[in-house]
Amino acid sequence: MGYEIRLENFNGPFDLLCHLIDEAKLDICAVSLAQVVDQYLAYVEAAAGQADLDAVGDFLVMAARLLVLKARVLLPSPQPANEEGEEESPEQLVDHLREYKIFRDAAARLAGLMEKEADYFPAPGLSLAEVGVKKAVRPYVTIDPAALATAWAKVAPLFQPPPPVTIIPDTPTVQEEIKRLTRRLRQVPTLEFRQYVGRRARTTRLVPAFLAVLELWHRRKVLVWQTVRFGEIIIARREDGTCTASH
Amino acid sequence: MHSESLTALLEALLFAAGRPLTTKELANATGLSLEDIEMGLEEFRHTLADPKRGLVLREVAGGVQLFTRPEFAPYVRRLLQPVERVRLSQAALETLAIIAYRQPITRQEIEAVRGVRVDQVLFTLEERGLIAEVGRKDAPGRPVLYGTTPAFLRSLGLSSLNDLPPLPVVRATHDTGPA
């Protein structure tokens, strides 16, 4: 291979396929896909050793699809395709790749628009504070405390003690817990789960809170570990979490 | 009102607002009819075409707004030294494009097009205010539907989603064009 191309530089298997087809100056069709299968596999094989499986996973799935496709294109089968119903026809993959390419090109145009837009600076406007719009006007009145007491005595009997109500504790949602936990982790770098939910947290709080931890871990926003089995769950903010989105 | 003083009045209002104003808002503020405002804006746009002027009037996010002329961007930048926003990654742009043209759309549908997971990218786009949850799909699991925001239109300088650059070929099997 003349030069090295790293999988991380591609936004997924379709991106790599588009690149390979563009480079070979081919139109997107089943035959051109079959032609680039070997190159595709070479990239994935080269990357599979070093990169983390998470990143390569999608590429591996595509590799399997491509091998099936290549076999179909090279060895036309006597039976009609799609006999088993579930299998993907080469045309579907080609359609899919075309569709992807449409959006990949559209993305470039949107980026162009954003770039151009950055050259327009809007008229500043005046902040509400400067203009004093809707600023509360504080009335300044002298009130005689005695008059206030008389007034209260008049209206007080009108107020009945409210009937007792049963308060149902508000059950937080996972979304709310994610926001809350994210806020907490902005203040402190690490946090124990117990400490976060409080010693006496009810199940209705524990479950969404725990799901929130899992979700943030999944989004790579936090690291989670235990020092011993059944030990305290420790949550730590991932400093690199915000900008590493590779796909 | 003379057309000149109307132009000046519109200029004042747009300058003070600093955000896109609809013709209706302008009509309410001036007590003039929508037609008068339309004509006044046309006149104002004409006035601003003069090379002696440094501003342009543009239709953005459903209204009109005043901006500095793009030719002067380097100077404005040198003066204000604005914090350059981190550019969107290619992955984020692709995802944004799919949402823009196919909205409302679920995460799974986006992933089907891109062939990779997009949850992190969605999170980034949401944080930047370019997309938002717009509802839930009436399907198993009631997945969240995503759509673009007015901030998306503003950051692209578009007046509405209809102004998105048209897609080259939309296959007949997909009838979900720009909403």
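Computed from a predicted structure; not experimentally measured. Chain letters run A, B, ... following the sequence lines, proteins first and then strands; every chain starts at 1.
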- Message: Could you walk me through whether B/L156 and A/M114 satisfy the side-chain contact (heavy atoms from CB on, under 4.5 Å) test, starting with their C-alpha distance in whole Å, then the side-chain angles of each, then the deciding distance to 0.1 Å, before giving a yes or no?
- Response: CA-CA 5 Å; B/L156 270 75; A/M114 281 185 175; 3.5 Å; yes
- Message: Using a 4.5 angstrom heavy-atom cutoff, name the option from B/A92, B/A73, B/P166, B/P74 with the most pairs to chain A.
- Response: B/A73
- Note on the structure: For A/R220 and B/Q120 the tightest heavy-atom approach is CD-NE2, 3.1 Å
- Message: A/F14 vs B/V116, test: side-chain contact (heavy atoms from CB on, under 4.5 Å). Steps then yes/no.
- Response: CA-CA 9 Å; A/F14 286 119; B/V116 288; over 6 Å; no
- In sequence, state the C-alpha distance, the side-chain angles, and the governing distance for B/L88 and A/L110, and then conclude on side-chain contact (heavy atoms from CB on, under 4.5 Å). CA-CA 11 Å; B/L88 289 175; A/L110 295 193; over 6 Å; no
- First locate atom CD1 of B/I98, then atom CD1 of A/I102, and finally report the distance between them rounded to the nearest 0.5 Å. 11.0 Å
- Task: Output the distance between atom CZ (A/F103) and atom CG (B/L167), rounded to the nearest 0.5 Å.
- Result: 5.5 Å
- What part of A/R109 is in contact with chain B, defined as an atom under 4.5 angstrom from a non-hydrogen atom: side chain, backbone, both or neither? side chain
- Item | B/L55 portion near chain A, given a 4.5 angstrom heavy-atom threshold | neither
- Message: Does either side chain, that of B/E94 or that of A/Y100, offer a donor lying less than 3.5 Å from an acceptor on the other one?
- Response: yes
- Item | Presence of salt bridge, A/D119 and B/R77, under 4.0 angstrom | yes
- Query: When only pairs under 4.5 Å are counted, which of B/R69, B/Q65, B/Q90, B/R58 shares the most heavy-atom pairs with chain A?
  - Reply: B/R58
- Message: Strictly below 4.0 Å, N to O, side chains only: are A/E99 and B/R114 in salt-bridge contact?
- Response: no
- Query: Can you tell me how far the CZ atom of A/F121 sits from the CG atom of B/L66, to the nearest 0.5 Å?
  - Reply: 15.0 Å
- Can you find a heavy atom in the side chain of B/T68 that is under 4.5 Å from one in the side chain of A/P122? no
- Item | Contacting moiety of B/P20, where chain A heavy atoms sit under 4.5 Å | neither
- Region of A/A118 that comes under 4.5 Å of a non-hydrogen atom in chain B: both
- Message: Please determine whether the number of non-hydrogen atoms from other residues, nucleotides or ligands lying under 6.0 Å from atom CH2 of A/W217 exceeds 12.
- Response: no
- Query: Do other residues, nucleotides or ligands put more than 12 heavy atoms under 6.0 Å from B/D50 CG?
  - Reply: yes
- Any ion pair linking A/E115 and B/R87 (charged N to carboxylate O, less than 4.0 Å)? yes
- Where does the angle between the aromatic ring planes of A/Y120 and B/F67 fall among parallel (under 30°), tilted (30 to 60°) and perpendicular (over 60°)? perpendicular
- Message: Check this for me: A/F193, atom CZ, are more than 12 non-hydrogen atoms of other residues, nucleotides or ligands nearer than 6.0 Å?
- Response: yes
- Message: Treating A/H96 as the side-chain partner and B/A112 as the backbone partner, does any N or O pair qualify as donor plus acceptor under 3.5 Å?
- Response: yes
- If every non-hydrogen atom of B/D119 is compared with every non-hydrogen atom of A/H218, which pair is closest and at what distance? OD2-NE2, 2.7 Å
- Turns out that what part of B/L130 lies under 4.5 Å from chain A's heavy atoms comes down to side chain
